[in-house]
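A quick write-up on the structure given underneath.
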Amino acid sequence: NNKYIATPTRTKEILNKYKFTFKKSLGQNFLIDSNVLENIIAHAGIDKQAGAIEIGPGIGALTEQLAIHADKVVAFEIDQRLMPVLQDTLGDYDNVQIVNEDILEADVAETIAANFPKKQPVHVVANLPYYITTPILLKLLHEDLPVTSLTVMIQKEVAERMAAGPNNKSYGSLTIAVQYYTEAAVVMDVPKQVFMPQPNVDSSILRLVKRDKPPVEVDNEKYFFALIKASFAQRRKTLRNNLTSYFNGAIDKEAINQTLESIGIDGTRRGESLDIQEFATLANAFYRLG
Ligand code: SAM
């Protein structure tokens, strides 16, 4: 069979052959549109020198294109029922390795070290299961893996949050967590019709390019991220009020006001108006109070 997997006919053929039933709980929405796949590949920055890591190959629609365009692909798939299917659909490609593991439990750093030589650029490319998009991306980012970029199809609304700027309703603690590690951009919106079965939500392709180092200097990352979360705890409240609730007396109102004044940040602003540099200044100032 010389047709690509990502067509409605071929996908149905494969599903019927294996009597495969979708598990909604695993976010199984398979791509059946080769144009969308072409767009993902075009934006993913891969070429025959590059390695690719995929999360959730499904029946192999994207994996197949990665096998064609990259040097080597390692794909993590949680659903054991898909192992014989993938062996069949990707049997002709000798540069694909499937790992039957939950990506949230997997030692990805170890997998990269074992499969890709040190100097080879590695890109994450995936049509992610929507129910765990954020945990997957935050895991991959916080682990600071040696990957060059991540190009992922995710729920449109989540993509917008990750790529947002200040004073936008999508801007929040997730935005800053993602942009601390990467430069984020939505490259394309994708309609529901390109999936089988169709999900309830629209999707976007999000491209994250890892930074060499964070754009701001932070004394303590854990403290920084905690303070950002606190600043957005109640979006309609002022920064000062959110901080007051967060410190809950451990730092009193007067000290909060003085600290804000010392760094030139108006406490009556809302968290959503602060950019990442201001959050770094804010976190460092409070951290240094001890
Ligand atoms: N890549 C395929 C495509 O584009 O047609 C399938 C994408 S589908 C949206 C998500 C895939 O992720 C499914 O195959 C699902 O079984 C798999 N998956 C779900 N949770 C997972 C997890 N925790 N670890 C690894 N794979 C997972």
Side-chain angles (χ1 to χ4, degrees), residues 3-15 18 20-44 46 52-70 73-90 93 96-108 111-112 123-140 143 145 150-156 158-159 188 190-206:
K3 264 185 294 161
Y4 287 148
I5 298 165
T7 60
T9 335
R10 179 86 199 281
T11 298
K12 275 184 208 147
E13 245 171 59
I14 296 166
L15 297 173
Y18 288 92
F20 185 82
T21 49
F22 295 104
K23 274 201 184 146
K24 211 176 168 183
S25 63
L26 289 180
Q28 293 179 333
N29 304 96
F30 297 165
L31 266 172
I32 51 167
D33 185 299
S34 48
N35 277 323
V36 170
L37 275 179
E38 260 173 45
N39 273 300
I40 295 177
I41 297 289
H43 284 104
I46 52 168
I53 303 251
E54 188 189 359
I55 296 132
I59 60 171
L62 173 58
T63 326
E64 175 178 48
Q65 296 306 315
L66 291 171
I68 292 168
H69 291 92
V73 193
V74 177
F76 292 90
E77 173 56 64
I78 196 172
D79 190 348
Q80 211 213 318
R81 300 174 305 153
L82 289 166
M83 295 303 113
V85 184
L86 287 163
Q87 226 168 52
D88 179 4
T89 59
L90 300 173
Y93 302 97
V96 176
Q97 196 191 320
I98 307 291
V99 183
N100 186 196
E101 266 186 76
D102 178 346
I103 186 66
L104 293 179
E105 301 293 328
D107 188 340
V108 184
T111 303
I112 292 176
H123 301 272
V124 173
V125 190
N127 171 21
L128 289 176
Y130 290 173
Y131 75 108
I132 44 167
T133 298
T134 303
I136 292 175
L137 288 175
L138 289 182
K139 169 188 160 120
L140 298 180
E143 284 181 0
L145 303 168
L150 303 90
T151 304
V152 288
M153 174 97 80
I154 62 176
Q155 193 175 329
K156 183 169 180 229
V158 181
M188 188 182 152
V190 177
K192 306 175 172 95
Q193 287 76 15
V194 304
F195 300 97
M196 185 185 290
Q198 286 184 24
N200 296 321
V201 294
D202 286 318
S203 303
S204 298
I205 300 171
L206 177 77

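First listed ligand is number 1; within each ligand, the first listed atom is number 1.
Side-chain atoms of Glu101 do not come within 3.5 Å of backbone N or O of Ile103 as any donor-acceptor pair. Under the 3.5 Å distance criterion, the side-chain polar atoms of Asn29 are matched with a main-chain donor or acceptor of Pro197.
For CD of Gln87, the number of neighbouring non-hydrogen atoms (other residues, nucleotides, ligands) closer than 6.0 Å is 12 at most.
Of all non-hydrogen atoms in Ile5 and Gly60, the two that sit nearest each other are CD1-O, 3.5 Å. Closest of all the heavy-atom pairs between Ile78 and Asn100 is O-ND2, 3.3 Å.
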Could you list, one pair per line, each nitrogen or oxygen of ligand 1 together with any protein nitrogen or oxygen closer than 3.5 Å, giving atom names and the distance rounded to 0.1 Å?
| from | atom 1 | to | atom 2 | distance (Å) |
| --- | --- | --- | --- | --- |
| ligand 1 | 1 (N) | Glu54 | OE2 | 3.2 |
| ligand 1 | 1 (N) | Gly56 | O | 2.7 |
| ligand 1 | 1 (N) | Pro57 | O | 3.4 |
| ligand 1 | 4 (O) | Asn127 | ND2 | 2.8 |
| ligand 1 | 5 (O) | Leu31 | N | 2.8 |
| ligand 1 | 14 (O) | Gly58 | N | 3.3 |
| ligand 1 | 14 (O) | Glu77 | OE1 | 2.7 |
| ligand 1 | 16 (O) | Gln28 | NE2 | 2.9 |
| ligand 1 | 16 (O) | Glu77 | OE2 | 2.6 |
| ligand 1 | 20 (N) | Tyr131 | OH | 2.9 |
| ligand 1 | 23 (N) | Asp102 | OD1 | 2.9 |
| ligand 1 | 24 (N) | Ile103 | N | 3.0 |
| ligand 1 | 26 (N) | Ile78 | N | 3.3 |

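Each of Ile14, Leu15, Thr9 was compared with Thr11 under the side-chain contact (heavy atoms from CB on, under 4.5 Å) criterion, and only Leu15 meets it.
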